[in-house]
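A short write-up of the structure that comes next.
Heavy-atom basis, side chains included; hydrogens, waters and symmetry copies ignored.
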Amino acid sequence: QVQLVESGGGLVQAGGSLRLSCAASARTFISYDMGWFRQAPGKEREFVASINYSGGNTDYADTVKGRFTISRDNAKNTVYLQMNSLKPEDTAVYYCAAPPPYQRATARRGEYSSWGQGTQVTVSS
């Protein structure tokens, strides 16, 4: 497993932006596809975005497509989630996650084996 630590959450007004970061401990970070999930109070954890090991392929949930951008810097062992045009319904705890090495990241939560502790994002109306 890889250790993951998220940062960058906070309180923002609707229409604003935040950038989340996820630092990974793995010496072979490039072996891992990565994903972001979120969980709102009383709801199940849901897929937000994923990125492959090289950064060349990304995928997004329909609810964030066009507003959020996932990226990675393999030299810094870090994956990012740039969130623009935030809405109150984006309020949730955001989690960084990784499947086992060399396994493709998908939208299926059960395929991820490593999770960060989460960072709170609150969007006020």
Legend entry - Test item: D33 side-chain N/O and Y53 main-chain N/O as donor-acceptor pair under 3.5 Å: yes
Legend entry - Transitive ILVMFWY side-chain link V2 to L81, under 4.5 Å: yes
Inset, instruction - Please examine the side chains of R38 and E46, heavy atoms only from C-beta on, and report whether any two atoms are closer than 4.5 Å. - result: yes
Legend entry - Atom pair SG/CD of C96 and Q117 - distance to nearest 0.5 Å: 9.5 Å
Inset, instruction - Look at K87 together with D90 and state whether they make a salt bridge at an N to O cut-off of under 4.0 Å. - result: no
Legend entry - Gap between atom CD of Q1 and atom OG of S114 - 0.5 Å precision: 4.0 Å
Inset, instruction - Considering non-hydrogen atoms only, spot the tightest contact between A14 and S125 and give its length. - result: CB-CA, 4.4 Å
Inset, instruction - Test Y95 against E6 for side-chain contact (heavy atoms from CB on, under 4.5 Å), laying out the working first. - result: CA-CA 7 Å; Y95 297 90; E6 303 97 333; 4.0 Å; yes
Legend entry - Hydrophobic cluster identity match, I70 and L18, side-chain contacts under 4.5 Å: yes
Inset, instruction - Using modelled atom types only, decide if a donor and an acceptor are shared between the side chain of T91 and the backbone of T122 within a distance under 3.5 Å. - result: no
Legend entry - Aromatic centroids of F37 and Y112 separated by under 6.0 Å: yes
Inset, instruction - Give, for atom CD of Q120 and atom CD of Q39, the distance between the pair rounded to the nearest 0.5 Å. - result: 11.0 Å
Inset, instruction - Measure across S17 and S85 and return the closest heavy-atom pair with its distance rounded to 0.1 Å. - result: OG-N, 4.4 Å
Inset, instruction - Output, in order, the C-alpha distance, side-chain angles, deciding distance and verdict of side-chain contact (heavy atoms from CB on, under 4.5 Å) for L20 and Y80. - result: CA-CA 6 Å; L20 306 183; Y80 304 98; over 6 Å; no
Inset, instruction - Would you check, one step at a time, whether the test side-chain contact (heavy atoms from CB on, under 4.5 Å) holds for M83 with V121? - result: CA-CA 10 Å; M83 305 185 295; V121 171; 3.8 Å; yes
Legend entry - N77 side chain to A26 backbone, donor-acceptor under 3.5 Å: yes
Legend entry - Interatomic spacing from CZ in R67 to CD in Q82 - rounded to 0.5 Å: 12.0 Å
Inset, instruction - Examine Y94 and M34 and state if one hydrophobic cluster contains both, with Ile, Leu, Val, Met, Phe, Trp and Tyr joined whenever side-chain heavy atoms are less than 4.5 Å apart. - result: yes
Legend entry - From N74 atom CG to Y32 atom OH, the distance as rounded to the nearest 0.5 Å: 13.0 Å
Inset, instruction - Report the C-alpha distance between E111 and R104 in whole Å, list the side-chain angles of each, state the deciding distance to 0.1 Å, and finish with yes or no for side-chain contact (heavy atoms from CB on, under 4.5 Å). - result: CA-CA 9 Å; E111 296 184 356; R104 180 182 173 189; over 6 Å; no
Inset, instruction - Please confirm whether R72 makes a cation-pi placement over F29, using NZ or CZ under 6.0 Å from the six-membered ring centre and within 45° of the ring normal. - result: yes
Legend entry - In one Ile/Leu/Val/Met/Phe/Trp/Tyr side-chain cluster, 4.5 Å: V12, W36: yes
Inset, instruction - Report whether L4 and W115 are members of the same hydrophobic cluster (ILVMFWY, side-chain heavy atoms less than 4.5 Å apart, transitive linking). - result: no
Legend entry - From T119, V79, T78, residue fulfilling side-chain contact (heavy atoms from CB on, under 4.5 Å) relative to C22: V79
